Each structure stands twice: as structure tokens, then as C-alpha cells.
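What follows is one structure encoded as C-alpha cells, with my remarks underneath.
For this chain, numbers begin at 1 and follow the sequence in order. The structure presented is a predicted model; accordingly, all values stated were derived computationally and were not measured.
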Amino acid sequence: MTDAAALIVAGGRGVRAGGGTAKQYRRVGGVAVLRRGVLAFLGHPRVACVRVVIHPDDADLYREAVDGLELPAPVPGGATRQDSARLGLESLTGQDPAHVLIHDAARPFAAAEVVSRVLDALAAYPGAVPALPVVDTLKRSDGATADNRPLVAATVERCGLWRAQTPQGFHFRPILEAHRRLAGEALTDDAAVAERAGLAVALVEGDEDNVKLTTAEDFRRAERQAGQWEIRVGTGFDVHRFTAGSGVMLCGIAVPHDHGLEGHSDADVGLHALTDALLGAIGAGDIGSHFPPSDPEWRGAASHLFVRHAADLVRGRGGAVVNADVTLICERPKVGPHRQAMVAAVAEMLGVEPGRVSVKATTTEGLGFTGRREGIAAQAAASVRLPAR
């Protein structure tokens, strides 16, 4: 049983916003709306898998939108949004996750903090929904005049009213059973299905930027939102002890030495620190949460795979790596003769020019475990540019 799965519902035909293409495949800030939504969960350390429900006619659009992302095959949706959610839930039965997050593909700016708040609430409740309190005065209209101008019929009490968002989180088995039992009821969201089934649903703090794109104005706002940038900085630190061997991998370069480095992967201490720096900059956990050392898949793996994965997460969020700075801490081997090759290798992994990468080396003047030549340490800093939320 996995911890949490994310189900992205993208089976709608929504073209009301214009553009001639279903809104989940339109681009905002140069990135497909669906891709932005997927990356919000794919990069979250508490989400074990992400699955997308699509319209059967959208296979080509889907492949283009998520190109390069590691996702299971999409699930064909149904005639209604409720049908699509149920079919998506059915597709997860083999994995049997403890929790499931159901998210509308038309919300491309789901923050990691919102995802975490929903998951936290599931420790005490079978369902949780991010929401914002209604602050505007509400008016009800009972019709329109001859010139099609609606008239106010009454003021609606706003106390206790909330605007529901997604992702909406649930214990997997109860929400699956509720969807099965209430199929065809035409309920407006998954929380309504849970409510009808008698499941308690908690409200957690939502996010004003977690907008649902419906109209042309929504897309104009989203473009402005995606066009605002912020710089984030992350740091990383890693250590590996020496073991028997004839060389070490440092920043992607094989360096001859009278020892090797001990580790589950190729033990490239510089790239491990850099991976953590990149993940830290986007709030996506650490290297161990993405590549667990207990997983035999990563035994002996080349560490450039980890760096590329972290850089892809940055780009998938509409961002870019600005620069990277790695410091290797050791008495031996000498780094200087290999520095330029390391810079070029790291720059290629990140997809940036070499002038944005620095690789340095220092010693601890004979002090500590590195001074005793028992291993190598590395620290790294990375800055990334992300769309401001």
C-alpha cells in the first residue's frame, strides 16, 4: 500500500476560454496547463504516483503536454467529470494507496503547501478540501428585465460559506466505494460525493493563486501570474567514505585515485549535494525521497540521472536553473586538473552555459574525517527562477 496517489482529471472538452483547444492543453507561460498541474504532484515527496484521466480523443495532445515526464499510461475518462473521477479511482485499485488526491487539470498553480495541508488533515478525517472563505457580499437574482439586466432579489448570508478548490483528498477505499454507489448522481465535485456518502470532510486553508481556468480572462490572469518571477536558492550537503577502488566519480567525471567511494549509486558526492540543492530550491524534498537507497533500481546508478531529474522538475514548473556552485572538500584526489571537465559536465546536465556553473575544491587543513583522508564531503548551492505564485 502506497502513501498517496494523485489523480489529475483532464477529460473535459472545455473550450469556453477560447483558443480552439481544450483548456488543459493550452499553454500558460510557455508550459501546458496540464503539465503544470502534473508537476505540482510529481515533485511532491509525499505523493507516490500521479495518474491522469483524459478524453479518449486527446491522446496526442496528452503525449505532447507531458513529454519527458515519467507517468503511467493515462486513463480514458467518461461522459461526465464524476464518471472520469470514478474511472480514475478504479485504475488505482491495483496500487491500493492509503490516500488519493483528486485534482482538476484546469488548476495549474496548486502549491506544495496546499497539497501538504490536505494530506495532513487526512490523518484525522476521511476527506479534506482546500477552501477559501467567501468575503464578498452575495446577491441572488430571480430573473432579468426585458433588457436582459438581472435584478437583485435578495442578499445571501455569506457566514459559513467557502469556495472549494482542488486537490481534494480522501482515504482511498471509502471514496472509491462512494463513487461506485453514487455513479450517475451528477454531483459537482468529489467532496459532494463524500458528503452524500456520509464521509466527514474537513476544510483546510486554500490559496488565492490556485485558480481554475475557465474563461478567457482567467487565462489572461494566469499569463500575468506565470510571467512574474521569483528567485529561489537551495543548498545541499553530502558525504561519502572511501573504500577499496581505483577511482572516484566527482561531478560526473571519473577521477583516478587509490580508493573508491562507498555508496548505493556511483557515490558522486558533488552531484548528490547538487541534486539536494535543486530539490531544496523548489521545495521538493531530498534526494532520498526521489531515489530511495533501499530501492535496488538505483544500485550503481550514474548520479547525473538524479541531477537531470531535479532540473526537469524545475523546468516542469515553468522555471529555469540560474546557476550552480559546488564545493568539494577533500585532501585527495586533486580536483584542479579536472575542474573544467566537471564544469562542462554539470552545465550539460542542467542545460545551462558553463559560465553559470562553478566547481571549487578546498581542504580542511588536515582536520576532521576529510583531513584524515577517510572520505569526501561536498556542499552545493543552486538558484532557480520560478513563476511567482
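In this structure, Phe291 and His309 have perpendicular ring planes: the angle between them is above 60°, well past the 30° mark.
Applying the side-chain hydrogen bond (donor to acceptor under 3.5 Å, both in side chains) test to residues at least two apart or on different chains, the pairs with a partner in residues 116-127 are His44-Ser116, Arg46-Asp120. Residue pairs meeting the side-chain hydrogen bond (donor to acceptor under 3.5 Å, both in side chains) criterion with at least one partner in residues 333-350, sequence neighbours excluded, are Arg308-Glu348.
The pair Arg299-Glu297 fails the salt-bridge criterion, with no side-chain N (NZ, NE, NH1 or NH2) lying under 4.0 Å from an Asp/Glu carboxylate O. A salt bridge links Arg81 to Asp190: one of the charged nitrogens lies within less than 4.0 Å of a carboxylate oxygen. The pair Glu217-Arg224 meets the salt-bridge criterion, with a side-chain N (NZ, NE, NH1 or NH2) lying under 4.0 Å from an Asp/Glu carboxylate O. Look at Asp136 and Arg158 and you find no salt bridge, because none of the NZ, NE, NH1 or NH2 atoms lies under 4.0 Å from a carboxylate O.
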Using distance only, find each side-chain donor-acceptor pair of residues 241-259 under 3.5 Å and give its atom names and separation, not counting sequence neighbours.
none

Please tabulate, one pair per line, all N/O donor-acceptor pairs under 3.5 Å involving side-chain atoms of residues 61-70, not counting sequence neighbours.
{"unit_1": "Arg63", "atom_1": "NH2", "unit_2": "Asp60", "atom_2": "OD1", "d": "2.2"}

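Less than 6.0 angstrom separates the ring centroid of Phe306 from the ring centroid of His272.
With sequence neighbours left out, Asp218 forms a side-chain contact (heavy atoms from CB on, under 4.5 Å) with Leu213, Thr214, Thr215. With sequence neighbours excluded, the residues that form a side-chain contact (heavy atoms from CB on, under 4.5 Å) with Ile231 are Val322, Ser383, Arg385.
From Glu331, atom CD reaches atom CG of Leu367 across 8.5 Å, with rounding to the nearest 0.5 Å.
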